[in-house]
Amino acid sequence: MPADRRDRLVRIGGWTAVVLVGLLLAALTAAVGSGDRGQATPLDPSSTVGSGSRALVRVLEEQGTTVDVVRGADRLDADLSDGTVLVDDSAGVLSPAAGRRIARTAPDVVLVTTDPRVLEAFGVDARPAGGTSAGTVVDTTSCVVPAARAAGSVTTSGVTYDTDDPDVDRCAPSGDGEDRRWGLLRADTRAGSVTVLGTTAALRNDTVTSAGNAALALGLLGDGDRLVWYVPTATGRDAAPTLGSLAPPWVPSAIGLLGLVAVAAAVWRGRRLGPLVVERLPVVVRAAETTEGRARLAARVRDRTHTLDTLRVAALRRTGRSLGLPRSAHVDEVVRRAAAVTGRPVAAVGAVLVGGPVDDDRALVDGAAALDDLERAVRRAVSGEASRASRPERPDRPPAPTTDPRPGGRP
């Protein structure tokens, strides 16, 4: 198969894999999203799971209280003066404006929220202090809230609040001293009063029968003939504005267009650019110039020790190569062999090849000269041994006969 066709098939296969992975991720996202929608919402009055509140609604209806579940402000009656209003803002989507409207019209409000803005909208000077799941049972017989006092005891599972306002009634404490927080608050509003219910265990199916939770819930919600169970929705008019809702309508289209441009740019710039081409460098720098430049730099910073160490390393390599040692030979082995062939002490050779720090220029010059002298000595010693080893040995011969120098002389 030609190389061009093979490369084209590889590119097509790669982009196909990218598209398939994107489709798979989209399908998984859709599946997860649909699964999340199928799960029960906490404190859902129509849910029978442990986190729901269907059991409490059924008991209220059996006692003669009409429970109207309202989801969204568009179904909320303008007149809320009849009965009790439970504002379940567990999702934290209620707008402060909707909270102020309810506080002006409803005389008896039970509020479940963790949003400080909603607490302020209802006129409650308190701050959420975090949740607790300990399930500790606390005594409420001395609480000023009638429903809590009648219950006798409640569990503290849910949300706690911190407040310094003396006009806010507090019940169901958690912690001691400065760490004490409260699970039940009550404050006055324009139309009546609001009870902030942090001990949401009193509303859940799995904990409503613990301690006096059932009595607390029935006392707060079943005092009248009608209960409006109000659940704000994130898409309704009562929801707090989000960044998406505040953005102009053309922003999603612009974001989509920018995404398409980014994909097109990735495809355009991600194509194969072809093989590498070797080009001639515009400037050729000689090795001598590089060496001189480094030498000037070392002289400028007065780094004499590093300069001499560089010369020592180079001398070690050349000396080891002259002695026939491999490049992996240790420094000590090079020093011993050099001392052996030159007849010098090992300590003296080590001081030249390894040495120590250099304090002045004179010592630097002397060290460089000592390295040159040692290298010359090693070369002479090695060349002498080589010449002696290469000289052939000849057998002993008798001395040549002498000739009588006189004319006509005979040997």
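All residue numbers refer to positions in the sequence shown, counting from 1.
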Check [X] against [Y] and note the closest heavy-atom contact, atom names and distance.
X    : Y    : answer
S46  : R71  : OG-NH2, 3.8 Å
D89  : L94  : OD1-N, 3.1 Å
V341 : A381 : O-CB, 3.2 Å
V144 : C171 : N-SG, 4.1 Å
G356 : R312 : O-NH1, 3.2 Å
D88  : P232 : O-CD, 3.2 Å

Margin query: Whether D360 and R304 form a salt bridge (side-chain N of Lys/Arg under 4.0 Å from carboxylate O of Asp/Glu) is what I want to check.
Written below: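 Between D360 and R304 there is no salt bridge, as every charged N stays at least 4.0 Å from the carboxylate O atoms.
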Evaluate whether atom [atom1] of [X] has more than 12 neighbouring non-hydrogen atoms of other residues, nucleotides or ligands under 6.0 angstrom away.
X    : atom1 : value
R127 : CZ    : yes
E120 : CD    : no
D366 : CG    : yes
D223 : CG    : no

Look only at the side chain of [X] and the backbone of [Y], and say whether a donor-acceptor pair between them is shorter than 3.5 Å.
X    : Y    : value
S53  : L203 : yes
T140 : A172 : no
T65  : G224 : yes
S47  : L43  : no
D162 : A129 : no

Notebook entry, point to check: Does the side chain of T207 pick up a donor-acceptor pair with the side chain of N213 at under 3.5 Å?
Noted result: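 No, no side-chain donor-acceptor pair sits under 3.5 Å.
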Once you round to the nearest 0.5 Å, how far does [atom1] of [X] lie from [atom2] of [Y]?
X    : Y    : atom1 : atom2 : value
L184 : L220 : CG    : CG    : 6.5 Å
R149 : D139 : CZ    : CG    : 12.0 Å
D188 : D167 : CG    : CG    : 8.0 Å
T160 : R180 : OG1   : CZ    : 12.5 Å

Check: Among T195, L197, L119, I102, which residue meets the side chain to side chain contact (heavy atoms under 4.5 Å, CB included) test with L111?
Finding: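 Only match with L111 under side chain to side chain contact (heavy atoms under 4.5 Å, CB included): L119.
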Next item on the list: State, yes or no, whether a side-chain contact exists between V159 and T200 at a heavy-atom distance under 4.5 Å.
Entry: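 Heavy-atom side-chain distance check fails, nothing below 4.5 Å.
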Next item on the list: With R226 as reference, evaluate T84, D68, T66 under the side-chain hydrogen bond (donor to acceptor under 3.5 Å, both in side chains) test and give the passing residue.
Entry: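 It is D68, the one option of T84, D68, T66 that forms the side-chain hydrogen bond (donor to acceptor under 3.5 Å, both in side chains) with R226.
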